[in-house]
2 protein chains.
Amino acid sequence: MKKTVLIYGLILAILAFVLDYFDYRYHVRELDIEFYILFIAVIFTATGIMVGRKLNKPGNETSSFQRNSKAINFLGISERELEVLELVAEGLSNKQIAGQLFVSVNTIKTHLSNLYEKLEVKRRTQAVEKARSLSLIK
Amino acid sequence: MKKTVLIYGLILAILAFVLDYFDYRYHVRELDIEFYILFIAVIFTATGIMVGRKLNKPGNETSSFQRNSKAINFLGISERELEVLELVAEGLSNKQIAGQLFVSVNTIKTHLSNLYEKLEVKRRTQAVEKARSLSLIK
DNA sequence: TGAAAAATCATACTTTCGGGTGACTAAGCT
DNA sequence: AGCTTAGTCACCCGAAAGTATGATTTTTCA
């Protein structure tokens with residue numbers, strides 16, 4: 001991020017320098033200011049797209065996934081259920097989830113049953129799919 | 001997309017006009033070309049970011065998901081297997097998949113078994129997770 | 001045309017999931 | 001103190017998923 005800003009400033013400086021140079025060297029500026037504008041515009045549109053992409057790209061810490069809390073509350077999904085749901089989404093079996101959360105498999109099943117009802121689905125794969133589409137999980 | 005390009009051109013034209021106007025009106029251009037550059041640069045960086053965002057945002061048809069064909073080939077995953085995998089990712093049961101592809105449930109199971117071996121996973125949820133992380137499916 | 005790869009299906013068996021039901025405990029609220 | 005909610009667990013049973021093995025048919029392609 002800091003690097004991005006630095007590069008941005010650098011490009012700006014270089015451009016100013018280059019344009020200044022052309023300006024005083026040939027004195028053609030008056031003839032084609034539109035050309036200058038176009039040039040700068042294109043350069044910086046490209047820069048902007050690059051910056052935007054960097055800001056947007058998945059895996060970037062600053063890239064935003066924020067949980068849809070409204071939906072979670074609306075559906076009445078509890079903290080624990082959400083926790084289980086996330087582990088399901090990672091592909092763990094009920095047994096593995098139970099081990100990871102230090103509870104019995106039966107408990108996991110209960111959580112999942114409740115979850116399925118709240119999400120109006122029948123299978124874990126559907127639950128994951130729906131939860132993803134609702135941004136309940138990433 | 002077409003609209004985006006149009007707006008881009010429009011901003012460009014307006015900017016040229018505005019600058020021209022200031023130029024001929026006050027004749028201050030020689031004093032602060034850096035200011036002009038900065039101005040245009042900022043405007044178009046912003047434009048670029050917006051354009052980039054539009055291009056990137058999920059749900060946009062032009063937003064690019066392209067299948068990781070290299071990985072698919074490397075792993076030796078067939079066309080049919082991929083098809084099954086996608087339906088699994090949508091949360092369908094083996095029976096539903098079988099119905100949709102007009103084959104028997106056993107065939108689906110075979111495809112999935114082969115798929116699991118190729119992806120080195122044990123469960124359908126893991127397969128989906130891994131396939132997603134490898135961009136085999138969206 | 002003939003071998004290899006992909007797709008199909010079956011049978012048998014094991015494991016995992018999911019539904020239904022009931023119950024107990026702890027925490028929080030009124 | 002009584003009520004509600006969340007979390008925990010158990011048992012049963014049937015359905016779905018997954019494993020293993022073997023076999024047949026299609027497609028592909030050298």
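Residue numbering restarts at 1 for every chain, and letters A, B, ... go by the order of the sequence lines.
- When the C1' atoms of four end pairs are superposed on the next four at each end of the helix from dT1(C)-dA30(D) to dT30(C)-dA1(D), using five pairs per end, the two resulting axes differ in direction by 50°, to 10°.
- In this structure, Arg67(A) contributes its side chain and Ser135(A) its backbone to no donor-acceptor pair below 3.5 Å.
- Side-chain N or O atoms of Glu120(B) include none that pairs as donor or acceptor with a backbone N or O of Glu117(B) at under 3.5 Å.
- If you measure from atom CD1 of Ile97(A) to atom P of dT16(C), you get 13 Å, rounded to the nearest angstrom.
- Hydrophobic cluster of Val105(B): no remaining members, since no ILVMFWY side chain lies below 4.5 Å from it.
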| request: Between protein and nucleotides 9-27 of chain D, map the contacts as a letter string: B base, S sugar-phosphate only, - none, heavy atoms under 4.0 Å, written 5' to 3'. | output: BBB----SBBB--------
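- Both Ile77(A) and Val128(A) belong to a common hydrophobic cluster when Ile, Leu, Val, Met, Phe, Trp and Tyr are linked at side-chain heavy-atom distances under 4.5 angstrom.
- Rounded to a whole Å, the NE2 atom of His111(B) is 13 Å from the P atom of dA10(C).
- Counting only distance, with no hydrogens or angles, the side chain of Thr107(A) and the backbone of Val103(A) share no donor-acceptor pair below 3.5 Å.
- The separation between Leu101(A) atom CG and dT8(D) atom P is 8 Å, rounded to whole Å.
- Using a 4.5 Å heavy-atom threshold, the side chains of Glu129(B) and Thr125(B) count as separate.
- Every side-chain hydrogen bond (donor to acceptor under 3.5 Å, both in side chains) that Glu83(A) has, sequence neighbours left out, goes to Arg80(A).
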| task | Show your working on side-chain contact (heavy atoms from CB on, under 4.5 Å) between Lys130(B) and Gln126(B) and close with a plain yes or no. | result | CA-CA 6 Å; Lys130(B) 185 145 195 177; Gln126(B) 281 187 335; over 6 Å; no
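- Looking at heavy atoms from C-beta onward, Leu119(A) lies in side-chain contact with Leu136(A) at the 4.5 angstrom threshold.
- The minimum heavy-atom distance between Arg123(A) and Leu92(B), with the atom names listed, is NE-C, 4.1 Å.
- A donor-acceptor pair under 3.5 Å links the side-chain atoms of Glu81(B) to the main chain of Ser78(B), judged by distance alone.
- Side-chain atoms of Lys118(B) come within 3.5 Å of backbone N or O of Gly76(B) as a donor-acceptor pair.
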| task | Check step by step if side-chain contact (heavy atoms from CB on, under 4.5 Å) holds for Ile108(B) and Val88(B). | result | CA-CA 10 Å; Ile108(B) 301 301; Val88(B) 168; 6.0 Å; no
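- The distance from atom CD1 of Ile108(A) to atom P of dT8(D) is 7 Å, rounded to the nearest whole Å.
- Note: CG (Asn114(A)) to P (dG7(D)) measures 10 Å, nearest angstrom.
- Sorted by residue number, the list of members of residues 126-138 of chain B with any non-hydrogen atom under 4.0 Å from DNA chain D is empty.
- For DNA chain D, none of the residues of residues 70-86 of chain B falls under the heavy-atom distance limit of 4.0 Å.
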